[in-house]
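When a residue number appears, it is its place in the shown sequence, counting from 1.
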Amino acid sequence: MDAVRTCVACRTRASRTSLLRVVVRDGQLCVDDRAVLPGRGAWVHPTTECLKLAVTRGVFPRALRVSGKPDAGPLENRLKTHMDN
């Protein structure tokens, strides 16, 4: 039985293996591939649509309980390279 998580952008439930865990490291959103980095994590589908939706709605600061707006650049770059392969 696989663990189920909710995407912070589209709010649909999916298996943990089909979502990316995102954490804040030094003010930047980073992908936690192994889901072992410390701190709160937010789960999002590995699609540009869900990422854009999450950024425009501003859900990452609320889900990760951080003040200010974390930089989504590294996460966007990671998804672009992931989608190209």
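Within the 4.5 Å cutoff, the side chain of V24 has heavy atoms near those of the L29 side chain. Taking 4.5 Å as the limit, every side-chain heavy atom of V4 sits out of range of all side-chain heavy atoms of R16. A heavy-atom distance below 4.5 Å is found between the side chains of P61 and P70. In this structure, the side chains of P38 and R25 come closer than 4.5 Å at one or more pairs of heavy atoms. Taking the side chain as every heavy atom from C-beta outward, P46 and L79 approach each other to under 4.5 Å. Side-chain contact between L19 and V44 is absent, with no heavy atoms from C-beta onward closer than 4.5 Å. Between V22 and F60 there is a side-chain heavy-atom pair separated by less than 4.5 Å.
When all heavy atoms of T47 and C50 are compared, the closest pair comes out as OG1-N, 3.3 Å. Residues T12 and H45 come closest through the heavy atom pair OG1-CE1, 3.1 Å. Closest approach of A9 to L53, counting heavy atoms only: O-CD2, 3.4 Å. Here the closest heavy-atom approach between residue R21 and residue R40 is recorded as NH2-C, 3.8 Å. The minimum heavy-atom distance between V8 and A63, with the atom names listed, is CG1-CB, 4.1 Å. The minimum heavy-atom distance between D32 and L37, with the atom names listed, is OD2-N, 2.9 Å.
For the atom pair NZ (K52) and CZ (R57), the distance works out to 15.0 Å, reported to the nearest 0.5 Å. Interatomic distance, SG of C30 versus CG of L20, reported as 12.5 Å (0.5 Å rounding).
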Kindly determine whether L75 and V31 satisfy side chain to side chain contact (heavy atoms under 4.5 Å, CB included), including the steps that lead there. CA-CA 7 Å; L75 180 60; V31 176; 3.2 Å; yes
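Summarising the local packing, CG of D26 is surrounded by 12 or fewer heavy atoms from other residues, nucleotides or ligands at distances under 6.0 Å.
A salt bridge is defined here as a Lys NZ or Arg NE, NH1 or NH2 lying under 4.0 Å from an Asp or Glu carboxylate O, and R78 with D33 meets this definition.
The backbone N or O of A14 lies less than 3.5 Å from no partner atom in the side chain of S18, so there is not a single donor-acceptor pair.
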